[in-house]
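Below is one structure, written out as structure tokens; comments come after it.
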Amino acid sequence: MRVRSILASLAVASLVAPVPAHAQGVFLPTDPSAHADGRVAVEALRVEADVHGPSVRAILRETLVNLIDQAQEGSLLIPVPSEIAVGGYAIDAGGERVAAEIVPRDKARARYEEIVRRRRDPGILEFANDGLLETRVFPIAPGGRREIAIEWSGTLSSASGLFEMRLPMPKRRVVGIPPHELSFVVRVDSPQTITSVYSPTHEVAVERGSDHQAIVRYKGAPPLEDPDFLLYYKVTEGDVGASLLTYREPGDPDGTFLLLVTPRPEMPSDTVVGRDVVFVLDHSGSMKTDGKIDQARRAFEFCVGSLNPADRFNVVTFNDHVETLFDSLRAPDPPCCGTASPRADAIAKLRTVQADGGTDIQSALLAALDKLGESSRPQTIVFLTDGQATVGERDPAAIAAAVMKRNEGRARLFVFGVGYDVNTALLNSLSTENRGVADYVSPGEDIEVKVSQFYSRIGKPVLSDVSVEFSGVATSDIYPKIVPDLFLGQDLLLVGHFSGSGGGAVTLRGRLGDRAVDMKWPVRFPDGASPTSRSFVARLWALRRIGHLVEEIRLHGRSQELVDSVVSLSTRFGILTEYTAFLTEDGVSLTAHVSNVARCGDLLTSNLADVSGAHGVAQSRNSESLKSRAQVGGQNVQRGVDDRWVEIGGVQCMGRRTLWQKHGEWIDGSVKDDAKTVDVPLFSVAYFDLVKRLGDEANVLALRGSILIALGGTNYRVVPEVAATPR
């Protein structure tokens, strides 16, 4: 069955039955006969935090709304992140200061379990691994709203200059209806230089006022995977900071790591490396449609206007003929008054380009490489096309081979494919084999915005020809395979596997202009299991590895070993592609690995043949998204056959575990078919014993319905009391 039919049969994932009372906290009505479920919801959740060194002071504001026609009052239970040592708090409930009690984590678990027993609601176990703050909520009028403001202060955990901040977030899988508005503003102020500011869970915007300040913002709907909000920031005394995050599962000799390398924002101007850049613009006849040529011209005008003084550049325009603006690379601005400005000449030329003729891709790229010539400076080609080769060499494999041979790995080739009439296999090959990235602009997207945003990110290189080495432990499967250049204002993010433990070092090598640069940081790879909160490191590694495996198959053909790896990672981590979406079907056994690999291989073979059209573009965008993923939220959203977003449901990732929904039951991916299975009635003595045995993983029991999980070599099926049968 082709991916078209798979994705066509998948509706956007339905939410679980609405129980909005749980949201960020748990609302307990004063009247024990009242049922809170579905009656009080969190309409908005806003967090403002100020961080000074390790100290944090925050205000969390929740807007509660009463959904029924009678007044509601009671208590609100708010999970308190266990990583933060809370030193003070205050509650403002609709203008009145009220008393509140902070319950530490060890006692909070007993309180959560008590509430589960009383309310007979497993969803509260979602927060069982956190501390607890409990406060009174004064009556909320029918249909009315009340804002609860919680102020707290504390100390962030840190290690080797890396600080961590976590805030528990409402889980869609538990609450059904997440807040309509979710926003964070975190202001960080440090006496030391702040380099990396990174969230592995949310796509935040980071504003850097200086080396010592950063403002982190997020506003929008909760990510589809509903992770807790995690924020890391690194302080250092040097120009470049490196942060290492590691994760190892219990009993596993190997682990995964995430390395962040970031230059400080106020680097001296002479550390921005001068580059040689050639802009290659397709102005064939098809660029006339939908105003594409106008947007492309403006995009390249922005790029030329953003060149650094130390850069050199040229412009190549092509249709069935190739035209080069200058006979050699030029500095963008004249060295003195009265001299013509190459920058101004290039912008004037771009404004006169008209769309007509055919498409000679090979000749255009070879001309761009000829103009770059031999140089020790970083070399970049920015290539934009909306079609396939119709003039000159037309064989995609021959074009890619000719470009790679002429380039010899010197220039980074960044490719933009516009519309659906492009050969994605060719464009991906050109970018991957020439140390660049391919991106695609769908019909209706703004070419100018997309290209301009990309060029702004790579506009100020700090180090070129970057390589990273680890000592002290063995490392493998590091992604991206070719380490990109280090740019001002951008994180260099590497993920990989490691074996062993103990002290070691990370060495970063590169070129600053003509000068070789070495940087070295001590690191430590811990032994033993890591906290569950760090499981995102392994999932992020799996996301990137799957993207690279699919790209490898796309470029070089089907390989049984590669397909096997895709299926194994998808099953273990619950990361679904259009080629493994069938794993969610009721009739598919997760343990039938051989048949699942065969089915995935057939889908890859048949669908990767679509190298153009909406489907071909969608597949390329999906694999590129996985290869460059920096956050774990929203991981099972794919572009479907019509290049529109499709959410693939039926799988939940909860800490170390991945659970799959089959025939209405949630099944732990680590369940063994031949293991003994024991029924555990919901809310029974055995149930709460299982809660204790699961420890930090007890939140898997927050899912509603029957749950089958593995623990200590035995399978446990948690079922409603009326459904339980003795075995």
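Because only heavy atoms are used, hydrogens play no part in the values below, and waters and symmetry mates are left out as well, while side chains stay in.
- If you take CD on Q661 and CD on E585, they are separated by 14.0 Å, rounding to the nearest 0.5 Å.
- Proximity of a side-chain donor or acceptor of K234 to a complementary backbone N or O of S160 within less than 3.5 Å is detected.
- Contacts of T658 classified as side-chain contact (heavy atoms from CB on, under 4.5 Å), with partners at least two apart in sequence or in another chain: R539, V651, C653, W660.
- At least one side-chain heavy atom of V563 sits under 4.5 Å from a side-chain heavy atom of I553.
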> Can you list the steps and then say if V466 with L508 is a side-chain contact (heavy atoms from CB on, under 4.5 Å)?
Replying inline: CA-CA 7 Å; V466 177; L508 180 76; 3.3 Å; yes
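- Applying side-chain contact (heavy atoms from CB on, under 4.5 Å) to V718 and the options F683, Y687, W666 leaves one that passes, Y687.
- Counting heavy-atom neighbours within 6.0 Å of R46 CZ, excluding the residue itself, gives a total above 12.
- For the pair P263/F487, no side-chain contact is recorded, criterion being any heavy-atom separation below 4.5 Å from C-beta on.
- A donor-acceptor contact shorter than 3.5 Å is absent between the side chain of H497 and the backbone of S476.
- Atom OG1 of T532 is separated from atom CE of M654 by 11.5 Å, given to the nearest 0.5 angstrom.
- Taking the six-membered ring where the residue is Trp, Y218 and F184 present tilted rings, their angle falling between 30° and 60°.
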> Between T577 and N622, does a side-chain contact (heavy atoms from CB on, under 4.5 Å) hold up when you go through it step by step?
Replying inline: CA-CA 8 Å; T577 67; N622 287 337; over 6 Å; no
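- A side-chain donor-acceptor contact under 3.5 Å links R248 to the backbone of P526.
- One N or O on the side chain of W541 and one on the backbone of D477 form a donor-acceptor pair closer than 3.5 Å.
- Separation of atoms OG1 (T256) and CD1 (I478) is listed at 12.0 Å; rounding is to 0.5 Å.
- Atoms CG and CD1, on N699 and I124 in that order, are 14.0 Å from each other to the nearest 0.5 Å.
- Contact check for V216 versus L231: side-chain heavy atoms found under the 4.5 Å cut-off.
- Within the structure, the side-chain hydrogen bond (donor to acceptor under 3.5 Å, both in side chains) test picks out the following pairs touching residues 562-571 (sequence neighbours left out): D564-H593, S570-T580.
- Taking F498 as the reference, F525 meet the ring pair (Phe, Tyr, Trp, His ring centres under 6.0 Å) condition, with sequence neighbours excluded.
- Atom CD of E203 is surrounded by 12 or fewer heavy atoms from other residues, nucleotides or ligands within 6.0 Å.
- Residues F582 and C600 form a side-chain contact, since some pair of their non-hydrogen atoms from C-beta on lies under 4.5 Å apart.
- In this structure, Y247 and L258 have side chains that are not in contact, with every pair of non-hydrogen atoms separated by 4.5 Å or more.
- Legend: residues meeting side-chain contact (heavy atoms from CB on, under 4.5 Å) with P484, ordered by chain and number and at least two apart, are P480, L492.
- Looking at R111 and E114, a side-chain N of the basic residue comes within less than 4.0 Å of a carboxylate O on the acidic one, giving a salt bridge.
- Heavy-atom minimum distance, V473 versus G500: CG1-C, 3.8 Å.
- F257 meets the ring pair (Phe, Tyr, Trp, His ring centres under 6.0 Å) test with F470; sequence neighbours excluded.
- Partners of P54 under the side-chain contact (heavy atoms from CB on, under 4.5 Å) rule, at least two apart in sequence or in another chain, are T155, F163.
- Proximity of L569 to L549: side-chain heavy atoms (C-beta onward) are separated by under 4.5 Å at one or more points.
- Of the candidates L132, V691, L125, V103, R109 forms a side-chain contact (heavy atoms from CB on, under 4.5 Å) with just one, namely V691.
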>> For L604 and L562: C-alpha separation, side-chain torsions, deciding distance, then whether side-chain contact (heavy atoms from CB on, under 4.5 Å) applies.
In response: CA-CA 11 Å; L604 280 160; L562 298 183; over 6 Å; no
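- The shortest side-chain heavy-atom distance between I707 and L659 falls under the 4.5 Å cut-off.
- Scored by the side-chain contact (heavy atoms from CB on, under 4.5 Å) test, A49 finds V56, A58, M165, V186 as partners (sequence neighbours excluded).
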>> If you apply the rule salt bridge (charged side-chain N to carboxylate O under 4.0 Å, His left out), what do you find for E578 with R639, and how did you get there?
In response: CA-CA 9 Å; E578 56 264 60; R639 289 183 179 271; over 6 Å; no
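- Taking both residues in full, the closest heavy atoms of S706 and E665 are given as OG-OE2, 2.7 Å, listed atom of the first, atom of the second, then distance.
- Distance alone, capped at 3.5 Å, places no donor-acceptor pair between the S158 side chain and the G161 backbone.
- S670 places no side-chain N or O within 3.5 Å of a backbone atom of A710 that could act as its donor or acceptor partner.
- Side-chain contact between R166 and D130 is present, with heavy atoms from C-beta onward closer than 4.5 Å.
- Minimum interatomic distance between V206 and A214 (heavy atoms only, all atoms of both residues): CG1-CB, 4.5 Å.
- Judged by distance alone, the side chain of N636 and the main-chain N or O of G574 form a donor-acceptor pair under 3.5 Å.
- Partners of R534 according to the salt bridge (Lys or Arg N to Asp or Glu O under 4.0 Å) rule, which considers only residues two or more places apart in sequence or in another chain, are E164.
- The shortest heavy-atom contact between L162 and L244 is CD2-O, 4.4 Å.
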>> Would Y579 and V566 count as a side-chain contact (heavy atoms from CB on, under 4.5 Å) here? Give the steps.
In response: CA-CA 9 Å; Y579 320 110; V566 169; 5.7 Å; no
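- Residue pairs meeting the salt bridge (charged side-chain N to carboxylate O under 4.0 Å, His left out) criterion with at least one partner in residues 620-633, sequence neighbours excluded, are E445-R621, R621-D643, E624-K627.
- R657 meets the salt bridge (Lys or Arg N to Asp or Glu O under 4.0 Å) test with D668, E697; sequence neighbours excluded.
- When all heavy atoms of D228 and H202 are compared, the pair lying nearest together is O-CE1, 3.9 Å.
- Residues forming a salt bridge (Lys or Arg N to Asp or Glu O under 4.0 Å) with K676 (at least two apart in sequence, or on another chain): none.
- The aromatic rings of H548 and Y479 lie tilted to each other, with the angle between the two planes from 30° to 60°.
- The side-chain contact (heavy atoms from CB on, under 4.5 Å) test with L259 is passed by exactly one of V506, T246, L493: V506.
- Smallest separation of non-hydrogen atoms from Q490 and L486: O-CD1, 4.2 Å.
- T262 places no side-chain N or O within 3.5 Å of a backbone atom of T195 that could act as its donor or acceptor partner.
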>> Checking K481 against E551 for the salt bridge (charged side-chain N to carboxylate O under 4.0 Å, His left out) test, could you report, in this order, the C-alpha distance in whole Å, the side-chain angles of both residues, the deciding distance, and whether it holds?
In response: CA-CA 12 Å; K481 288 188 174 181; E551 184 69 14; over 6 Å; no
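- By the salt bridge (Lys or Arg N to Asp or Glu O under 4.0 Å) test, R693 pairs with no residue at all, sequence neighbours left out.
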